[in-house]
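Each residue takes its place number in the sequence, starting with 1. What you see is a predicted model; the values in this text were computed from it and never measured. As a basis for the values below, the full set of heavy atoms in this structure was taken, side chains included, without hydrogen atoms, waters or symmetry mates.
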Amino acid sequence: MSIEPFLNVRSEIGKLKAVLLHKPGRELERLTPQYLHELLFDDIPWLRKMREEHDKFADVLRQKGCEVYYYNELLEEILKNDEVKKSLISDVLNICNIGNENLEQIIKEFILNKSEAEIAEILIAGLHKKDFPEIEREKSLIDYIKEEYPFYINPLPNLYFTRDPGAVIGNGLLVNSMKTPARDRETMILRYIYEYHPLFKKEVSPLWYDYTSPYSIEGGDILVLSDEVIAVGCSERTSARAIEILANNLFSKDEKIKKVLAIQIPFTRVYMHLDTVFTMIDYDKFTIYPGIENKIKVFELTPNSKDYPKVRPMGTLKNSLKEALKLPSIQLIQSGGGDDITAAREQWNDSTNTLAIAPGVVVTYDRNEVTNNTLRKHGIEVVEIAGSELVRGRGGPRCMSMPLVRENI
């Protein structure tokens, strides 16, 4: 009896049926002004309010017929396997740069004695030195050098942006290579979940990309435009070579995918991913930050050889989309109603980071009033959620969601 894959994403807009989320937890309470930059934050959110907002976001998805899976729950389930537990804890400690093998072994034994739920929390929220018992031992040089640093295992405050560590294309999965070390553990854990959780059915769900690659690629740059066309942003976080490797993997193993559009945007944190300035919201409609439209370059990648795809520079974004999607016309709906100041303000609050949950139906933050009204004027149904605290991590509904299954359109 053949196994049917669970994963299935052949568009950006097909009805969303299953999604992976992570509800913000203690890892956010461990942000301090001193380490904001290192942990990729600009501000310190209020966790209780943040969790309330995230619960309402998840409830909206459920009400629209989407099944919600949580990262920490999948992690807890694979930790029930003792061999997986030992291996994952060892791999996590190996990348934490503790620098003292004896201490590393003591920490490992300390964690192994915890329950699956407690281990999952440590792997996500980190291990603060105050959480670790005082043990009499001779200190090494690294102990003195790192004496003031508060963590043995860093927290993962960015994890509620589940879009970035992984992305589903077709029936397969990317486990991404992150640009910054602060997020490496997120993808390592996702790879373990892919390998050992039965939900992912890895036997019939190929791995399109692996986090061990030296070339960075992140999920916020990946848009599944149709069953034949994938768009990938070439951005501050996603490298050109990674796009070529992904394209070749897709061309060789997924017969439906015919081309990849590499969309180059300015390499800056303000536009860290393609989906912070451009998302698909209907068959022929896209929302775009007007400040970016004339700064974009588009390149078509098609099958060529096993090492490098064929690359063809294309014209404007609008014409490139029309050609690639074989549509008579395309609407690029400008955020902020096209007003430069309003668009810039609302883009800071992720107005273009919309999550399509069905054709012409999107989830957005309620605070982006002008952009939301503009979308409605263009026939888009806008489902608003509160995001006064969620937005402080610099991401919107699309960033906070990793679609696992969409209905085919």
Side-chain angles (χ1 to χ4, degrees), residues 11-13 42 163 220-223 225 229 231-236 261-299 314-325 327-388 390-392 394-400:
S11 76
E12 281 295 304
I13 60 171
D42 297 322
R163 175 73 59 162
D221 280 313
I222 297 169
L223 279 70
L225 300 182
V229 184
V232 186
C234 189
S235 68
E236 181 197 49
L261 298 185
I263 301 177
Q264 183 185 348
I265 63 176
F267 299 166
T268 171
R269 175 166 166 74
V270 178
Y271 316 132
M272 70 185 86
H273 294 126
L274 180 61
D275 71 0
T276 65
V277 292
F278 171 78
T279 47
M280 187 174 188
I281 54 180
D282 206 345
Y283 294 96
D284 58 354
K285 295 174 183 175
F286 301 78
T287 181
I288 189 167
Y289 170 54
I292 202 80
E293 194 168 340
N294 295 325
K295 300 175 183 177
I296 284 176
K297 295 180 182 178
V298 185
F299 304 89
M314 301 185 77
T316 64
L317 176 63
K318 191 170 188 177
N319 288 336
S320 300
L321 293 169
K322 281 172 54 179
E323 179 184 336
L325 297 176
L327 292 172
S329 63
I330 289 287
Q331 287 189 57
L332 295 181
I333 304 169
Q334 294 186 340
S335 61
D339 178 78
D340 289 347
I341 293 177
T342 304
R345 286 171 54 82
E346 294 198 350
Q347 191 271 336
W348 183 260
N349 294 319
D350 294 284
S351 60
T352 52
N353 193 250
T354 60
L355 172 64
I357 53 175
V361 184
V362 297
V363 180
T364 69
Y365 284 143
D366 57 4
R367 63 190 300 150
N368 295 313
E369 296 175 350
V370 176
T371 299
N372 292 346
N373 287 333
T374 302
L375 293 175
R376 291 187 179 103
K377 288 176 183 176
H378 285 82
I380 302 300
E381 180 183 341
V382 179
V383 181
E384 296 183 345
I385 62 168
S388 63
L390 290 171
V391 77
R392 293 178 187 269
R394 300 301 315 282
R398 191 178 193 274
C399 287
M400 295 189 297

*Quick one: CD1 on Ile265 to CG on Asp221, what's the gap to the nearest 0.5 Å?*
6.0 Å
*Would you check if there is a donor-acceptor pair between the side chains of Asp339 and Thr342 at a distance under 3.5 Å?*
yes
*asked:* Under a 3.5 Å distance rule, please check whether Asn353 uses its side chain to pair with a backbone N or O of Gly395 as donor and acceptor.
replied: no
_Are Tyr283 and Leu325 packed together at the side-chain level, in the sense that at least one heavy-atom pair is separated by less than 4.5 angstrom?_
no
_Audit row: Lys318, Glu293, side-chain contact (heavy atoms from CB on, under 4.5 Å) steps and yes/no_ = CA-CA 9 Å; Lys318 191 170 188 177; Glu293 194 168 340; 5.7 Å; no
_Distance check, rounded to the nearest 0.5 Å: Lys295 atom NZ versus Leu317 atom CG?_
14.5 Å
*List in chain and number order the residues that pass ring pair (Phe, Tyr, Trp, His ring centres under 6.0 Å) with Phe299, two or more places apart in sequence or in another chain; answer none if no residue qualifies.*
none
*Side-chain contact test, heavy atoms from C-beta onward, threshold under 4.5 Å: evaluate it for Tyr365 versus Pro397 and give yes or no.*
yes
_Residue among Thr279, Thr354, Ile333, Leu225 satisfying side-chain contact (heavy atoms from CB on, under 4.5 Å) with Phe286_ = Leu225
_Return the CE to CD1 distance between Met314 and Ile296, rounded to the nearest 0.5 Å._
13.5 Å
_If we check side chain to side chain donor-acceptor pair (under 3.5 Å) with Glu346, which of these qualifies: Thr364, Thr374, Thr371, Thr352?_
Thr371
*Is the backbone N or O of Thr276 less than 3.5 Å from a side-chain atom of Gln347, with the two atoms forming a donor-acceptor pair by type?*
yes
*Run through Ile263, Thr287, Ile288, Ile292 and flag the one making a side-chain contact (heavy atoms from CB on, under 4.5 Å) with Val277.*
Ile292
*asked:* Let me confirm one number: the CG-CE distance from Leu223 to Met280, rounded to the nearest 0.5 Å.
replied: 8.5 Å
*Quick check: does any side chain N or O of Asn368 sit under 3.5 Å from a backbone N or O of Asn349, one acting as donor and the other as acceptor?*
yes
*Looking at residues at least two apart in the chain, or sitting in another chain, which of them share a side-chain contact (heavy atoms from CB on, under 4.5 Å) with Ala344?*
Tyr289
*Using a 4.5 Å cut-off on heavy atoms from C-beta on, say whether the side chain of Val298 contacts that of Glu323.*
no
_Approximate separation, where rounding is to 0.5 Å, of Glu369 CD and Arg367 CZ_ = 10.0 Å
_Determine whether Cys399 and Asp275 satisfy the following criterion, side-chain contact (heavy atoms from CB on, under 4.5 Å), listing intermediate values before the conclusion._
CA-CA 8 Å; Cys399 287; Asp275 71 0; 4.2 Å; yes
*Side-chain contact test, heavy atoms from C-beta onward, threshold under 4.5 Å: evaluate it for Ile385 versus Met400 and give yes or no.*
yes
*asked:* Just verifying a value: how many Å separate Ile281 CD1 and Ile380 CD1, rounded to the nearest 0.5 Å?
replied: 4.0 Å
